[in-house]
Amino acid sequence: MPELPEVETIRRDLQRHAVGRRIEDFIIRWPRTFVGTAAAAAKLRGKEIERIDRRGKYLLLRLSGGTTLSLHLRMSGRLRAAPAATAVLDHERARVLLDDGAAIVFTDPRKFGRIAPLSSAAASRLDASLGIEPLDPGFSATALRRSLAGTRRAVKSVLLDQARIAGIGNIYADEALHAAGIHPAAPAGALSEEEIARLAAAIPTVLSAAIRHRGTTFQMYRDGQGKKGRYAYRLMVYGRGGLPCRRCGTELSSTRLGQRTTVWCSSCQPRSAARRSQAPSRPAAKAPRSRRPGHSKS
DNA sequence: CTCTTAACCTGGACGC
DNA sequence: TGCGTCCAGGTTAAGA
């Protein structure tokens with residue numbers, strides 16, 4: 001459920017409570033949540049949380065001694081700060097006790113979320129497996145073009161591909177494409193320079209606005225304080241299939257694209273109008289599939 | 001390479 | 001109220 005803006009909101013919330021604190025104990029309530037042995041979990045004790053980073057949808061606790069504790073919330077995970085004495089919460093899967101009497105509690109009804117201790121080498125591999133960060137200074141139309149190049153897959157599916165661009169999920173993929181006026185099924189590698197430029201502008205704009213509103217709460221998501229995000233009120237398309245477009249009034253279309261519900265405005269996001277000027281350039285019988293830099297899988 | 005399906009899981013919404 | 005069905009913000013493995 002949580003995408004980049006939600007994870008970033010949680011990161012900022014936890015940062016205040018946890019950075020500089022030492023881990024007194026790490027309690028696992030649901031074994032599969034923790035990727036590693038009990039001994040590996042025990043080794044977390046005594047380590048200091050030096051920094052909390054985010055990479056895509058991963059939260060990365062940088063611990064003293066070079067270990068990184070990675071947390072991924074998947075669909076229903078929540079992280080929140082609470083007094084260590086707080087009774088076990090519903091669906092609680094893990095809890096980190098800090099040396100100041102506070103705790104970070106991980107709850108996750110669907111049990112998809114994962115917490116894993118990573119060596120610095122493993123952390124590097126994780127980093128390398130993810131695509132560009134849409135809110136980093138290095139993000140640009142040029143960088144986005146590189147990320148979308150070399151594939152005819154639907155642009156929305158490519159936006160969801162964490163190895164190409166990190167942090168975007170189903171909500172913000174639809175929102176960004178609407179903001180950019182691009183049809184979700186448009187082949188990613190065939191977007192015009194103008195479309196790329198619009199998308200490169202729309203993505204950070206949408207994500208930043210969502211962060212300002214502390215994320216989108218549809219059902220499950222809560223921030224690091226246990227509160228709902230307010231961006232749901234500002235969504236233009238996600239969850240609004242059949243309702244009028246907030247920009248032009250046209251009834252929003254909804255379909256399944258790559259197994260994901262996809263909502264768009266047929267008027268603001270025309271299927272092909274914006275691509276007419278591109279040279280037809282037939283599918284190149286056997287174009288050498290040169291791998292784009294930055295997508296290395298490991 | 002790309003697409004599809006199934007898994008992993010539970011809870012909420014909705015129809016009857 | 002209760003039951004069945006479908007859906008969900010994510011990711012990965014396997015098969016066509």
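Quick note on labels: first sequence line is chain A, next is B, and so on, each numbered from 1.
Exactly one of A:D100, A:V96, A:D99 qualifies for a side chain to side chain contact (heavy atoms under 4.5 Å, CB included) with A:E24. That residue is A:D99.
What separates CZ of A:R78 from P of C:dA8 is a distance of 19 Å, to the nearest Å. Going from atom CD of A:Q162 over to atom P of C:dT12 covers 9 Å, rounded to whole Å. In this structure, CE of A:M75 is placed 11 Å from C1' of B:dC8, rounded to the nearest angstrom. Between A:K57 atom NZ and C:dG9 atom P the separation is 10 Å, expressed in whole Å. Rounded to a whole Å, the CG atom of A:L159 is 15 Å from the P atom of C:dG9. Here C:dG9 presents its P atom at 20 Å from CG of A:D223, a figure rounded to the nearest Å. Here the C1' atom of nucleotide B:dC8 and the CZ atom of A:R110 are 9 Å apart, to the nearest Å. Nucleotide C:dC7 holds its C1' atom 13 Å from the CE atom of A:M220, rounded to whole Å.
For A:F112, counting side-chain heavy atoms from C-beta on, the closest listed nucleotide (B:dG11, B:dC9, C:dC7) is B:dC9. Each of B:dG11, C:dT12, C:dC7 was ranked by its minimum atom distance to the side chain of A:P109; first place goes to B:dG11.
Under 4.0 angstrom from either OP1 or OP2 of B:dT2 there lies at least one side-chain N or O belonging to A:T151. Side-chain N/O atoms of A:H91 include none lying less than 4.0 angstrom from OP1 or OP2 on B:dC9. Within the 4.0 Å cut-off from OP1 or OP2 of B:dT5, at least one side-chain nitrogen or oxygen of A:Q259 is found. Between A:K111 and B:dC8 there is no side-chain polar atom (N or O) within less than 4.0 angstrom of OP1 or OP2. Under 4.0 angstrom from either OP1 or OP2 of C:dG9 there lies at least one side-chain N or O belonging to A:Y238.
B:dT5 and C:dC6 are spaced 15 Å apart, taking the P atom of each and rounding to whole Å. Taking the P atom of each, B:dA6 and C:dT5 are spaced 16 Å apart, rounded to whole Å.
Checked by atom type and distance alone, the side chain of A:R114 never pairs as donor or acceptor with a backbone atom of A:H72 at under 3.5 Å. The closest donor-acceptor contact from the side chain of A:D174 to the backbone of A:V263 lies under 3.5 Å.
Contact annotation for A:T217: base contact, defined as any heavy-atom pair under 4.0 Å involving a base atom. Within the nucleic acid shown, A:Q219 comes within 4.0 Å of at least one base atom, counting heavy atoms only. Backbone-only contact: A:R32 has heavy atoms under 4.0 Å from sugar-phosphate atoms and none from a base.
Pairing of C:dG9, defined by two Watson-Crick or G-U wobble distances under 3.5 Å, is not identified with any nucleotide. Searching all strands for a Watson-Crick or G-U wobble partner of B:dC9 with both distances below 3.5 Å returns nothing.
Comparing A:A154 and A:R74 along DNA chain B, the residue whose closest nucleotide (by nearest heavy atom) sits nearer the 5' end is A:A154.
Relative ring orientation between A:Y231 and A:H213 is described as tilted, the plane-to-plane angle lying within the 30° to 60° band.
Between the side chains of A:E3 and A:Y221, no donor-acceptor pair is found at a separation under 3.5 Å.
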Does the side-chain contact (heavy atoms from CB on, under 4.5 Å) test come out yes or no for A:F34 and A:L44, once each step is laid out?
-> CA-CA 12 Å; A:F34 185 75; A:L44 298 171; 4.3 Å; yes
